[in-house]
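One structure is given here, and the rest of the page talks about it.
What you see is a predicted model; the values in this text were computed from it and never measured.
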Amino acid sequence: MKFKEFLEKKGISMEKYEAMTATEVAKLQTEFADAQFKALKDGLGQMVADAKKGLLTDEQFKTQLDAFKETLKGIDGEKFTKFEASLEKYKGIVKTQGEELAKLKDGNGPTGANGNSFKKELEKAINSEDFKSFAESGGSKKASFTLKNVSISDDYTGTNHIATRDSRVVDQNKTQRLNIRDLLTVMPADLPYLAFIEVYDFDNKVGMNSENGELAESKFKVREAQVDAKRIGTHLPISKRMLKSLSFVLNFLMQKLPGLVKYREDSQLLFGDGAGNNVLGIFKVARDFTTLINTSLTGAAGAVSSIESYDGGAKTVVNFTANQNISNGATITFASATATGYNTAFPSVTVVNEKQIILDKAYVAEADTSEWTFSVTSPFKDSIDAAQEIDVLKVAKTLVTEEEYTATGIVLNPVDATKIETLKGSDEHYIDVKRLENGVLTIGGLPVAETTAMPAGKFAVGDFVMAAAIGQFTELTLEFSESTNEKLKNTVEAIVQEEILFPIYNKYMFVTGNFSTAKTAIGA
């Protein structure tokens with residue numbers, strides 16, 4: 001990045017820069033140097049990652065590393081001196097990379113996904129002296145390993161890569177499979193419980209006022225909630241003969257165990273009921289799609305406090321006694337009004353705030369509105385010809401947006417994902433559905449987590465980034481153990497488990513439902 005570009009990003013013109021004092025200029029130049037250093041450091045990380053994947057030759061790696069050092073030296077000599085020693089170790093990556101590729105070619109090494117931290121830690125554990133002793137003893141000694149800082153999400157594809165004694169070399173599958181945790185924020189947790197602030201209501205009273213009039217108070221209603229750590233795990237019996245085939249054991253465990261844990265984790269994040277050992281899942285608290293479309297809101301007698309004239313009597317303002325979650329453009333139907341002209345459906349209402357809407361109807365005075373009742377339906381009700389699954393997801397995305405949030409992801413069963421992916425328009429083009437190079441499906445620009453933990457026919461759409469998070473209290477751990485029962489069967493047990501917390505900060509950011517009823521609700 002050039003210095004001029006740096007100034008432009010900070011909104012500083014050349015005229016303003018030239019008018020700065022020497023102190024201000026020095027401070028700005030220091031910031032520029034720090035920005036360059038960070039960019040270079042990030043570039044180094046990418047360069048190392050490319051080298052590990054075999055995307056750089058020996059010569060290319062050395063050339064780029066030397067260029068990095070020269071640029072860094074020109075930016076900040078002191079930082080270069082401190083960083084130079086650590087740079088040298090990366091020169092060994094090319095050699096290590098070549099050795100790892102040679103192992104793969106000979107069929108003597110793991111064939112899992114590149115850069116998988118679970119694989120690396122598992123390989124380290126299996127190659128340790130403790131495990132070797134454990135294997136050589138035939139499982140009579142106990143071996144326990146903790147896989148620290150392991151992500152069971154990184155580069156795991158679910159594809160079977162079990163090693164075989166075959167001389168053929170097969171290219172690695174670059175496909176990435178998303179699970180629900182890939183849509184969420186994952187954070188470390190140092191306590192087995194978490195108290196957090198949960199949003200449960202809004203009170204929006206933004207309005208017009210005179211110069212000296214008192215402004216109405218708006219309220220952002222929250223309350224304290226708490227979640228506890230929940231344990232997810234399983235165990236697999238392993239024949240003692242398999243322990244002597246470390247390559248097989250490594251690849252089998254690397255692929256099988258994360259898949260088992262992920263499936264149960266997905267199931268809990270979606271459908272946990274919050275009781276006993278279960279987390280409180282998204283479907284338990286989210287807004288239901290069909291309900292939002294058909295009858296998102298009803299009001300009994302006493303819900304309407306008053307009406308008043310608007311726009312010189314050309315329109316009517318309706319005031320409610322309590323907050324009403326009415327969306328702009330929704331249809332509201334009133335009943336039990338004395339002035340019978342109000343007892344009808346009013347489409348495309350204008351929402352002023354949670355307690356006030358405007359009707360496109362000439363004002364007729366009515367002093368007592370205490371008997372008025374109403375029901376509200378979405379503007380999407382019965383509005384889409386030949387509605388299909390993709391229409392449901394796009395409407396769900398909009399329902400999230402109506403609440404002033406931004407949908408960031410979709411969760412589907414692979415069956416429904418395939419149905420949607422194969423939908424075509426009348427001219428045989430695919431409809432707003434893309435499969436990225438890494439295999440991730442996107443619909444309407446949103447990434448899709450395809451998981452069999454979601455039953456076919458159901459869906460979830462939401463702001464996964466802001467609405468909830470996973471607290472990782474205990475990272476994925478692997479333990480080998482043996483009891484009398486296993487001895488009798490000549491096996492040992494591989495035990496894998498983790499502990500997570502799942503706080504849902506804002507339930508209004510999620511919309512869930514069934515495709516069958518959802519299509520009926522929006523279909524014309």
Side-chain angles (χ1 to χ4, degrees), residues 178 183 270 282-283 286-298 325-333 344-351 360 375-403 405-436 439-464 508-524:
L178 294 186
L183 302 177
L270 289 173
I282 292 171
F283 268 76
R287 298 180 300 153
D288 178 70
F289 181 96
T290 304
T291 301
L292 289 171
I293 298 298
N294 286 337
T295 307
S296 60
L297 189 65
T298 58
N325 192 28
I326 301 175
S327 300
N328 234 353
T331 297
I332 187 167
T333 303
T344 187
F346 295 94
S348 302
V349 301
T350 301
V351 176
D360 287 329
S375 63
V376 181
T377 57
S378 168
F380 287 112
K381 181 174 173 59
D382 304 329
S383 64
I384 300 176
D385 293 331
Q388 300 186 70
E389 286 82 358
I390 191 169
D391 301 307
V392 171
L393 295 179
K394 289 183 177 180
V395 171
K397 177 182 176 181
T398 302
L399 293 176
V400 175
T401 305
E402 282 182 348
E403 293 295 321
Y405 308 125
T406 302
T408 60
I410 299 170
V411 183
L412 297 176
N413 182 282
V415 171
D416 294 311
T418 300
K419 287 181 180 179
I420 294 172
E421 190 176 10
T422 54
L423 285 174
K424 300 182 182 71
S426 58
D427 60 350
E428 295 300 305
H429 70 280
Y430 287 94
I431 305 175
D432 200 14
V433 179
K434 294 181 181 179
R435 181 73 69 171
L436 304 181
V440 173
L441 181 68
T442 65
I443 298 175
L446 299 183
V448 178
E450 302 174 59
T451 172
T452 53
M454 174 72 84
K458 292 181 180 290
F459 63 90
V461 179
D463 189 340
F464 287 84
Y508 299 106
M509 293 185 180
F510 289 115
V511 173
T512 58
N514 296 285
F515 280 120
S516 58
T517 56
K519 288 190 292 184
T520 301
I522 64 175

Where [X] and [Y] come nearest, the two heavy atoms and their spacing:
X: Ile326; Y: Val351; answer: O-CG2, 3.4 Å
X: Ala521; Y: Thr290; answer: CB-CG2, 4.3 Å
X: Pro379; Y: Gly329; answer: CB-O, 3.4 Å
X: Gly523; Y: Ala387; answer: CA-CB, 3.9 Å
X: Thr452; Y: Pro414; answer: N-CD, 3.9 Å
X: Thr333; Y: Ala345; answer: OG1-CB, 3.4 Å

Option from Leu178, Ile282, Leu183 for which side chain to side chain contact (heavy atoms under 4.5 Å, CB included) with Val411 holds: Leu183
Donor-acceptor check, side chain of [X] to backbone of [Y], threshold 3.5 angstrom: yes or no?
X: Asp288; Y: Thr291; value: yes
X: Asp416; Y: Ala456; value: no
X: Arg435; Y: Glu421; value: no
X: Asn413; Y: Met454; value: yes

Is the shortest heavy-atom distance from the side chain of [X] to the side chain of [Y] under 4.5 Å?
X: Phe380; Y: Leu292; result: no
X: Leu423; Y: Gln388; result: yes
X: Leu412; Y: Ile420; result: yes

Please round to the nearest 0.5 Å and tell me the distance separating atom [atom1] of [X] and atom [atom2] of [Y].
X: Lys381; Y: Thr331; atom1: NZ; atom2: OG1; result: 10.0 Å
X: Asn328; Y: Thr350; atom1: CG; atom2: OG1; result: 6.0 Å
X: Asn294; Y: Thr517; atom1: CG; atom2: OG1; result: 8.5 Å
X: Lys397; Y: Asp463; atom1: NZ; atom2: CG; result: 12.0 Å
X: Ile384; Y: Lys519; atom1: CD1; atom2: NZ; result: 12.5 Å
X: Leu446; Y: Thr408; atom1: CG; atom2: OG1; result: 7.5 Å

Member of Phe289, Phe464, Tyr405, Phe283 meeting the ring pair (Phe, Tyr, Trp, His ring centres under 6.0 Å) criterion with Phe510: Phe464
Mutual orientation of the aromatic rings belonging to Phe515 and Phe459 [parallel < 30°, tilted 30-60°, perpendicular > 60°]: tilted
Working for side-chain contact (heavy atoms from CB on, under 4.5 Å), residues Leu270 and Lys458: CA-CA 11 Å; Leu270 289 173; Lys458 292 181 180 290; over 6 Å; no
All ring pair (Phe, Tyr, Trp, His ring centres under 6.0 Å) counterparts of Phe346, not counting sequence neighbours: none
Ion pair check, Glu389 and Lys419, cut-off under 4.0 Å: no
